[in-house]
Protein chains: 2
Amino acid sequence: MDLFLSTFENKIDRKGRISVPAIYRNVFERKNTSLYLFKSLTKSCLEGCGIDRINQIVDAIDQMDVLSEDTLTLQTMLSSTQEMKFDNEGRIMLSDDFIGYASLDGIALFSGIGRSFEIWNPLQWYPRDTATRDSAKKGKVPKLSFARNSNQGYS
Amino acid sequence: MDLFLSTFENKIDRKGRISVPAIYRNVFERKNTSLYLFKSLTKSCLEGCGIDRINQIVDAIDQMDVLSEDTLTLQTMLSSTQEMKFDNEGRIMLSDDFIGYASLDGIALFSGIGRSFEIWNPLQWYPRDTATRDSAKKGKVPKLSFARNSNQGYS
DNA sequence: TTCTATCCCATGATATCCCATATAATCCCA
DNA sequence: TGGGATTATATGGGATATCATGGGATAGAA
C-alpha cells in the first residue's frame, strides 16, 4: 500500500507549478498510476492520494444509503477531486481553486500522514504541529499496542 | 522482533552524516528493511524504529475517528518521520530539522531501549540517566513479571 | 490572434556514491 | 595464552547524480 511520510516545503512558481517531493512521486511512478488531489473536508488544506484511496471512497458510497448525509459528504469529496499530471520534472499545476482553498501563497508544505498527504500553507501548518506536540507532552498520547497481549502504551 | 540495546556516541560530520552503530544497522540489513526516524512526541530526542512500528501507526489511524485528537497526534508523528537511507559505510544523513529538534551538536548518543532506540544530545542524556538511577535507588523500581503467561507490560 | 498549458533545456544546491585511512575489535597460530 | 595479522567499524573528503527550480519555445484552446 502507498505510504507517505515526512514534510517538505516547495515553491509555487509564477506559472503555478510546484514540485511534488521525489519520494511521493516515486509511489506513483513505480505503479504507473496518477496522483489525485481534493479539498480536505475538515481542514483548510488539500489532500493527495492514489487511485486506491479514491476507489475506497467510491466503494463506500456504493454500500451506503443513497440519501444519507454521509453519502453526500463523500460525494462532495469526489466532486472536488482532480487527477494531476506530472510534467517531465515531476511538477504539477495547482488550479486557482485549489490555491484559494488552501490559502497558498508562494510556498506549499507537503505533510505525509500515512496513506495520504496534505498540502498546507506553512503559516497554517506550523502552529497546528506545535499545538499537537504541546498537547502530547501534557500526556495526551494515544495508546498503541505494540505487543499482542500487552497493555503497554506508547511514550 | 527487533532488539536495540546499549548506548553509543558517534560524530556528526560536517555534511550532517552519522554512523549508525553496526549492531543496530545489522537489524535492518538482515531483514533488508529501512530505518525510520521521527521526532519524539514527548522528549527532545529522535526515535528510530523499523517499518513494523510505522505500519502499526498507519493501521491505527485507519481505524480511528478521523476527527479525533489521537488521530491528529499519530499523523503528527508520521509527518515528522523520515525513511533513512544508509550509505555504503552505514551512515545516515540527519536533516537540519532533526538536528535542531534534538539540539544535536557534533556528537549524538544512540540509546537502545528495546524495540526502538533514541538519538540524544549527550549533554541532555547523561543527566536524565543519572536522575533515573538516583530515583531507582530510592526504591522506585518497577516490578517485572517473568511469568510465562503474563499479560503485564513493563511500566 | 491571445492566453495558457505543456515540453524541453539549463542550473545551483545538495544528497549520494566511492575511495581512503585510522582505530578498535577479532582471529589465528605458535 | 600472547601477540602479530586480519577484519570490522567509524570517519573524512572528492566525484557524481539527483532534485527543485527557472525560463524559453511550442502546441492547443478560446
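Labels below follow one simple rule: chain letters A, B, ... track the order of the sequence lines, proteins then strands, and each chain is numbered from 1.
None of K31(B), R30(B), R53(B) except one satisfies the salt bridge (Lys or Arg N to Asp or Glu O under 4.0 Å) rule with D2(B); the exception is K31(B).
With dA10(D), dC7(C), dC17(C) as the choices, the nucleotide that has an atom nearest any side-chain atom of R17(A) turns out to be dC7(C). Of the candidate nucleotides dG24(D), dC18(C), dT16(C), dC18(C) has the atom nearest to the side chain of E89(B). Comparing dG12(D), dT11(D), dG23(D) against the side chain of D13(B) picks out dG12(D) as the nearest. When distances run from any side-chain atom of R25(B) to the nucleotides dT11(D), dT9(D), dG12(D), the shortest one goes to dT9(D).
The overall bend of the helix from dT1(C)-dA30(D) to dA30(C)-dT1(D), read as the angle between its terminal helix axes built from five base pairs each, is 40° when rounded to 10 degrees.
Residue order along DNA chain C, read from the 5' end via each residue's closest nucleotide, puts M93(B) first among N88(B) and M93(B). Annotation: of the two residues near DNA chain D, P21(A) and V20(B), the 5′-most nearest-nucleotide partner is V20(B).
Residue-level contact check: K15(A) touches the bases, meaning some heavy atom is under 4.0 Å from a base atom.
Shown here is K85(A), whose NZ atom has no more than 12 heavy atoms of other residues, nucleotides or ligands within 6.0 Å. Residue-environment remark: CG (D97(A)) exceeds the threshold of 12 foreign heavy atoms within 6.0 Å.
Side chain to side chain, S111(B) and E118(B) fail the donor-acceptor criterion of an N or O pair below 3.5 Å.
A donor-acceptor pair under 3.5 Å is absent between the side-chain atoms of N121(B) and the main chain of L104(B), judged by distance alone.
The CD1 atom of I23(A) sits 13 Å away from the P atom of dA15(C) (whole-angstrom rounding). What separates CG of N10(A) from P of dA13(C) is a distance of 17 Å, to the nearest Å. If you take NZ of K11(A) and P of dG23(D), they are 10 Å apart, rounded to a whole angstrom.
OP1 or OP2 of dG23(D) has at least one side-chain nitrogen or oxygen of R14(A) nearer than 4.0 Å.
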- Item | Working for side-chain hydrogen bond (donor to acceptor under 3.5 Å, both in side chains), residues S34(B) and E83(B) | CA-CA 7 Å; S34(B) 291; E83(B) 179 178 357; 2.7 Å; yes

Please list, one pair per line, the donor and acceptor atoms closer than 3.5 Å that link side chains of residues 5-13 of chain A to other protein atoms, with sequence neighbours excluded.
residue, atom, partner, partner atom, Å
S6(A), OG, T81(B), O, 2.5
E9(A), OE2, Y126(A), OH, 2.4
N10(A), ND2, S19(A), O, 2.7
D13(A), OD1, K15(A), N, 2.8
D13(A), OD1, G16(A), N, 3.1
D13(A), OD1, R17(A), N, 2.9
D13(A), OD2, R17(A), NE, 2.8
D13(A), OD2, R17(A), NH2, 3.0

